[in-house]
Amino acid sequence: MYLLDLPEEAIVDILLYLAPRDLVICQLVCRTLYQIASDPAVWSGAFLRLPASQRAPSPRLWCASLLHEGELLVYGGHTTDRADPNLIDHTRSDMRAFNLATRTWRTVRHNLGSSTEHKAVLFDDVLWFLGGFDGHSYTNEVR
């Protein structure tokens, strides 16, 4: 298996361990690594090493986001093939919370799996997710 055979989010996680000088070298290898190594999520911790759970989530499309008790919650979404923005490459399964007062991120544990193009509603302090695409098929599920 080659590095570029891995999902983009796995490559980003690997690159997070590199020093800024090494990230620049990765950008010189090929176009794909240039694009991945240029991701702001990679550089966000290049000079100040934060645990992965405190870094900003990677860029994505069609995620659900809403405000609850002073935090911005972000769940799921997907990345696209850079050549064709209409293709879904990887659905995301992470949920992150940004504290508006402290301006810090944290990881929220859940068992929802990956999803994109879904809707989210907060009702009576319960977060509900409706429908979406799990990477294989569309669903009308309420979670």
Side-chain angles (χ1 to χ4, degrees), residues 1-122 126-143:
M1 176 178 267
Y2 297 100
L3 176 67
L4 295 179
D5 292 335
L6 296 171
E8 184 176 322
E9 55 195 49
I11 297 172
V12 167
D13 285 344
I14 292 168
L15 295 181
L16 290 171
Y17 290 95
L18 298 180
R21 178 183 177 277
D22 298 322
L23 287 173
V24 171
I25 291 170
C26 281
Q27 290 176 319
L28 301 174
V29 173
C30 66
R31 282 186 183 151
T32 302
L33 269 180
Y34 174 82
Q35 291 172 334
I36 296 171
S38 298
D39 188 325
V42 172
W43 286 91
S44 67
F47 302 101
L48 171 65
R49 291 291 177 197
L50 295 172
S53 63
Q54 294 178 9
R55 293 187 198 117
S58 57
R60 70 217 31 227
L61 298 167
W62 290 99
C63 60
S65 59
L66 34 78
L67 290 172
H68 178 58
E69 296 182 352
E71 291 186 315
L72 171 67
L73 299 170
V74 177
Y75 164 65
H78 70 269
T79 59
T80 62
D81 180 322
R82 297 182 193 279
D84 185 353
N86 295 314
L87 297 177
I88 297 174
D89 285 341
H90 305 288
T91 55
R92 304 289 181 151
S93 62
D94 58 335
M95 184 183 299
R96 304 294 300 283
F98 181 72
N99 185 298
L100 299 173
T102 63
R103 304 187 62 75
T104 56
W105 288 96
R106 69 179 178 88
T107 299
V108 178
R109 293 180 188 249
H110 65 85
N111 59 358
L112 295 169
S114 64
S115 182
T116 187
E117 300 179 9
H118 51 275
K119 302 299 179 220
V121 176
L122 184 65
V126 176
L127 194 53
W128 295 91
F129 293 97
L130 313 163
F133 180 73
D134 64 7
H136 304 287
S137 60
Y138 283 93
T139 176
N140 61 357
E141 185 174 74
V142 176
R143 300 169 282 174

**Student:** Which residue pairs pass the side-chain hydrogen bond (donor to acceptor under 3.5 Å, both in side chains) test when at least one of the two sits in residues 60-74, sequence neighbours left out?
**Tutor:**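 The answer is Ser58-Arg60, Arg60-Asp94, Glu71-Arg106.
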**Student:** Locate the shortest heavy-atom distance separating Cys26 from Leu33; write the atom from each residue and the value.
**Tutor:**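 Nearest pair, atom of Cys26 first, then Leu33: O-CB, 3.4 Å.
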**Student:** Quick one: closest heavy-atom pair of Arg143 and Leu112, and the distance?
**Tutor:**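 Shortest heavy-atom contact: NH1-O, 3.7 Å.
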**Student:** Ignoring hydrogens and angles, write down the donor-acceptor pairs under 3.5 Å from the side chains of residues 126-136, residues two or more places apart or on other chains.
**Tutor:**
residue: Asp134; atom: OD1; partner: His136; partner atom: N; Å: 2.8
residue: Asp134; atom: OD1; partner: Ser137; partner atom: N; Å: 2.9

**Student:** Heavy-atom distance under 4.5 Å between the side chains of Val42 and Leu18, does that happen here?
**Tutor:**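 No, every pair of side-chain atoms sits at 4.5 Å or beyond.
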**Student:** Is it true that Thr91 and Ser114 share a donor-acceptor pair across their side chains at a distance under 3.5 Å?
**Tutor:** yes
**Student:** Go through it in stages, so that I can follow the logic: the residues are Leu61 and Thr79, the test is side chain to side chain contact (heavy atoms under 4.5 Å, CB included), and I'd like the CA-CA distance, side-chain angles, deciding distance and then a yes or no.
**Tutor:** CA-CA 6 Å; Leu61 298 167; Thr79 59; over 6 Å; no
**Student:** Provide the closest heavy-atom pair for Pro59 versus Arg92 in the form atom of the first, atom of the second, distance.
**Tutor:** O-NH2, 3.9 Å
**Student:** Could you tell me whether a side-chain N or O of Asp5 sits under 3.5 Å from a main-chain N or O of Tyr2, the two making a donor and an acceptor?
**Tutor:** yes
**Student:** Evaluate the side chain to side chain contact (heavy atoms under 4.5 Å, CB included) criterion for residues Leu67 and Leu73: first the C-alpha distance (whole Å), next the side-chain angles of each, then the deciding distance (0.1 Å), finally the verdict.
**Tutor:** CA-CA 6 Å; Leu67 290 172; Leu73 299 170; over 6 Å; no
**Student:** Report yes if some heavy atom in the side chain of Gln35 is under 4.5 Å from a heavy atom in the side chain of Ser38; otherwise report no.
**Tutor:** no
**Student:** Carefully, step by step, assess Met95 and Val74 under the rule side chain to side chain contact (heavy atoms under 4.5 Å, CB included).
**Tutor:** CA-CA 6 Å; Met95 184 183 299; Val74 177; over 6 Å; no
**Student:** Let's go through Tyr75 and His118 carefully: what are the C-alpha distance in whole Å and the side-chain angles of both, what is the deciding distance for side chain to side chain contact (heavy atoms under 4.5 Å, CB included) to 0.1 Å, and is it a yes or a no?
**Tutor:** CA-CA 10 Å; Tyr75 164 65; His118 51 275; 3.3 Å; yes
**Student:** Is any side-chain heavy atom of Leu3 less than 4.5 Å from a side-chain heavy atom of Ile14?
**Tutor:** yes
**Student:** For Asn111, which residues count as a side-chain contact (heavy atoms from CB on, under 4.5 Å) partner, sequence neighbours excluded?
**Tutor:** none
**Student:** Can you name the nearest heavy-atom pair linking Ala10 to Leu6, along with the distance?
**Tutor:**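 In terms of heavy atoms, the two residues are closest at CB-CB, 4.3 Å.
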